[in-house]
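This report concerns only the one structure given below.
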Amino acid sequence: MIDPLIDQRDHESMLQPVVRPAGESEDTGGFTRHLAQHVIDSWNHSAAEETHADWPEAEIAEDPPHGSASYRFEDSSSAPVFPTSTFFPPDVRRGGEGWSDAQPMDEDSGAFTAVPESYSSVSVGSDTSPKSSRRSIFPARSLVQKLVRPVSQATGQMSTLDWLSGTPFEDPHQAQEPGEADELVTINLVLDIGEALFRYGAGALEVETSILAVTSAFGMKNTDADITNQSIILNWSPPGKVPYSRVRVVRSWSANFRALSEVHTLVTDIAFGRITRAEAEETLLDITRDPKPYPRWVVATSGALFAGLFASYTGAPLLDASLGFLATLLVLGVTRQLTIWRVPEIFALAAGGFLATVVAFLALILGAEITTSMVVAGGLMILLPSVRIVSAIQDAINGFPITAAGRLVSSLVAFSGLTAGIMVGVVLTGQAGAPEIDVTQEISRIYHPGFLTLLVFLTAVTAAIVQQAPYRLLLPTGLVAALGFSGVFVGELMGFGGWFTPIVGATVVGALARVVALRLRAPQLVVAVPAMMFMLPGLIVFRGMYQIAISESSANRTTGLYEIFDALIIIVAIAAGIVLGDVLMRPLTKRLQSNERTKGRQR
């Protein structure tokens with residue numbers, strides 16, 4: 001091998017060939033490498049001189065050992081000499097990755113030796129240099145460099161394990177290796193699981209983390225999932241293989257919290273290596289084919305009881321609560337039949353709002369001593385799209401804007417249909433001779449706080465039955481709601497206001513729901529949604545719609561619009577509080593997740 005070198009014995013630059021045996025392992029890299037090394041040496045020499053000028057007290061350091069030579073450019077034609085320990089301390093040499101080839105150090109002195117004339121290449125130096133360098137001369141500067149030095153990459157792709165951190169599927173266990181013929185089978189299973197979760201009301205984050213956990217457990221690491229309002233896009237791109245992409249569209253939704261909990265448990269079992277792919281397919285098929293836990297008449301009765309209990313919670317006497325019970329039975333029967341006839345949701349909810357309003361005003365026309373707003377508010381609560389609103393806010397906070405926007409638009413359409421039905425009912429009953437009612441009355445609870453806590457407990461249990469929650473979650477959901485009411489009660493006593501008080505109660509509900517859900521192996525949404533429904537502003541919705549429909553004064557209509565806006569703000573605040581409580585409890589529930597992983601791997 002022939003390398004060009006600069007002759008140091010003359011004052012004129014010349015290329016001098018150096019011949020080495022072909023079997024010699026040392027390789028200088030050629031003229032380009034020497035030129036690059038010369039530029040690096042020049043830069044370090046300039047930096048060292050600037051440091052010496054900034055801190056002249058560095059001259060008190062010991063003189064360099066006898067084997068070192070100063071780095072000077074007095075003779076521009078001579079080859080550059082490596083810097084000594086004064087200008088190029090060992091800690092700086094070790095800190096830079098670019099100094100992969102540095103001059104050897106003198107074993108006795110620990111300093112860099114001068115380059116001899118016959119030395120034609122540079123090699124990696126030893127890291128056993130003494131610490132009497134810039135680190136000891138300029139400790140403040142060394143400390144600052146450590147503080148500002150990045151500890152990781154500024155940007156980079158987040159791994160699957162990092163993305164699953166903080167979820168119930170953290171640190172999944174690979175159950176089996178994928179085979180060439182089983183890849184499409186695994187992809188279809190993953191899409192079936194994601195579709196089931198979406199259909200039963202899970203949020204986008206729950207669906208995505210479940211997909212990543214299942215694919216990781218089955219050895220498919222290079223998986224990406226994109227969640228939209230009603231579709232799942234799955235892409236698997238293993239290195240060196242043809243990538244697969246599949247799309248699954250979710251066209252139907254069903255209130256079935258028991259199935260949602262069972263699918264969540266299935267994903268947990270897969271992530272912790274308890275079952276194989278074939279067993280998972282059979283289990284998922286059984287979950288989707290199983291009937292709902294409660295028959296229709298139980299769901300309808302529970303919904304009517306929920307309306308009556310909620311009316312009592314807002315301050316309605318027994319007669320008003322009984323009318324709310326009857327109105328809800330009628331509303332649920334009619335809306336169910338319209339759904340079977342495939343009537344769009346907006347018209348079905350409009351019919352429900354209309355019927356609830358008509359029942360209340362007919363009772364008022366007949367001379368019943370009732371508070372109409374209480375009756376209508378109780379009948380409205382079971383129709384509010386509370387699950388979708390909570391899921392939409394959760395998706396927006398967790399970084400799924402498209403899914404959140406789609407669910408919010410769907411919720412607003414349902415909300416507008418409900419309020420349109422109320423307006424039509426108010427107008428028609430007014431034409432039939434119904435007297436005007438006073439909607440300016442504030443909520444005035446007539447029962448003791450202890451009895452209100454019992455009402456909230458029963459309200460949450462009945463709401464959980466309407467959402468087809470599993471049996472094991474009914475009592476815990478009621479307890480979470482009762483403790484959430486304590487947060488609302490404390491907020492009211494402290495005068496937090498109508499917007500901030502629901503956030504306090506919802507945060508308590510969200511935090512406790514995460515603990516209960518992890519303990520009972522269910523999604524947090526299954527516990528949180530029924531437990532927070534007592535806080536929904538059904539009475540405020542009716543007030544706003546009534547003032548817009550009946551009043552001829554622009555001031556009253558403006559007040560009605562403000563009431564509707566106030567109700568929307570409260571609903572969003574409740575949903576945000578539930579998500580906030582879940583986030584706040586994540587660091588405190590690590591032990592529950594660790595125990596679950598340990599039990600799963602021991603089975």
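When reading the values below, keep in mind they use all heavy atoms of this one structure, side chains included, and skip hydrogens, waters and symmetry mates.
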From [atom1] ([X]) to [atom2] ([Y]), nearest 0.5 Å:
| X | Y | atom1 | atom2 | result |
| --- | --- | --- | --- | --- |
| Gln230 | Thr403 | CD | OG1 | 10.5 Å |
| Glu262 | Thr283 | CD | OG1 | 10.0 Å |
| Asn235 | Arg246 | CG | CZ | 10.0 Å |
| Gln467 | Asn256 | CD | CG | 10.0 Å |
| Leu355 | Ile422 | CG | CD1 | 11.5 Å |
| Leu330 | Phe325 | CG | CZ | 12.5 Å |

Do you know which two heavy atoms are closest between [X] and [Y], and how far apart they sit?
| X | Y | result |
| --- | --- | --- |
| Leu189 | Ala280 | CD2-CB, 4.1 Å |
| Tyr200 | Ala259 | CE1-CB, 3.4 Å |
| Thr357 | Gly425 | CG2-C, 3.8 Å |
| Ala348 | Thr335 | O-CG2, 3.4 Å |
| Gly324 | Val375 | N-CG1, 3.9 Å |
| Gly487 | Val504 | O-CG1, 3.7 Å |

Please check if the side chain of [X] supplies one atom and the backbone of [Y] the other of a donor-acceptor pair under 3.5 Å.
| X | Y | value |
| --- | --- | --- |
| Glu206 | Gly203 | no |
| Arg472 | Leu520 | yes |
| Thr328 | Gly303 | no |
| Ser312 | Ala321 | no |
| Ser216 | Ala213 | no |
| Asp395 | Ala204 | yes |
| Thr314 | Ala311 | yes |

Evaluate side-chain contact (heavy atoms from CB on, under 4.5 Å) for Phe218 paired with Ile187, printing each intermediate quantity in order. CA-CA 10 Å; Phe218 290 143; Ile187 291 176; over 6 Å; no
Side-chain atoms of residues 522-541: list all donor-acceptor pairs with protein atoms under 3.5 Å, sequence neighbours left out, distances to 0.1 Å.
unit_1: Gln524; atom_1: NE2; unit_2: Gly510; atom_2: O; d: 3.1

Is Leu561 atom CG crowded by more than 12 heavy atoms from other residues, nucleotides or ligands, each under 6.0 Å away? yes
Worked check of side-chain contact (heavy atoms from CB on, under 4.5 Å) between Val508 and Phe485: CA-CA 9 Å; Val508 175; Phe485 170 72; over 6 Å; no
Mind checking whether [X] and [Y] have side chains closer than 4.5 Å, heavy atoms only?
| X | Y | result |
| --- | --- | --- |
| Leu260 | Leu197 | yes |
| Ile211 | Ile193 | no |
| Thr301 | Trp297 | yes |
| Ile570 | Trp499 | yes |
| Arg277 | Thr186 | yes |
| Ile275 | Ile270 | yes |
| Gln547 | Tyr562 | no |
| Glu345 | Val413 | no |

Applying side-chain contact (heavy atoms from CB on, under 4.5 Å) to Asp290 and Arg258, what does each step give before you reach the verdict? CA-CA 10 Å; Asp290 283 344; Arg258 189 188 73 170; 3.8 Å; yes
Leu191/Ile232 under side-chain contact (heavy atoms from CB on, under 4.5 Å): CA gap, chis, key distance, verdict: CA-CA 7 Å; Leu191 289 176; Ile232 303 171; 4.1 Å; yes
Are Tyr294 and Tyr471 an aromatic pair, judged by ring center distance below 6.0 Å? yes
Please work out whether the ring planes of Phe496 and Phe500 are parallel, tilted or perpendicular, with thresholds of 30° and 60°. perpendicular
Is a side-chain donor-acceptor pair under 3.5 Å present for Ser410 with Arg388? yes
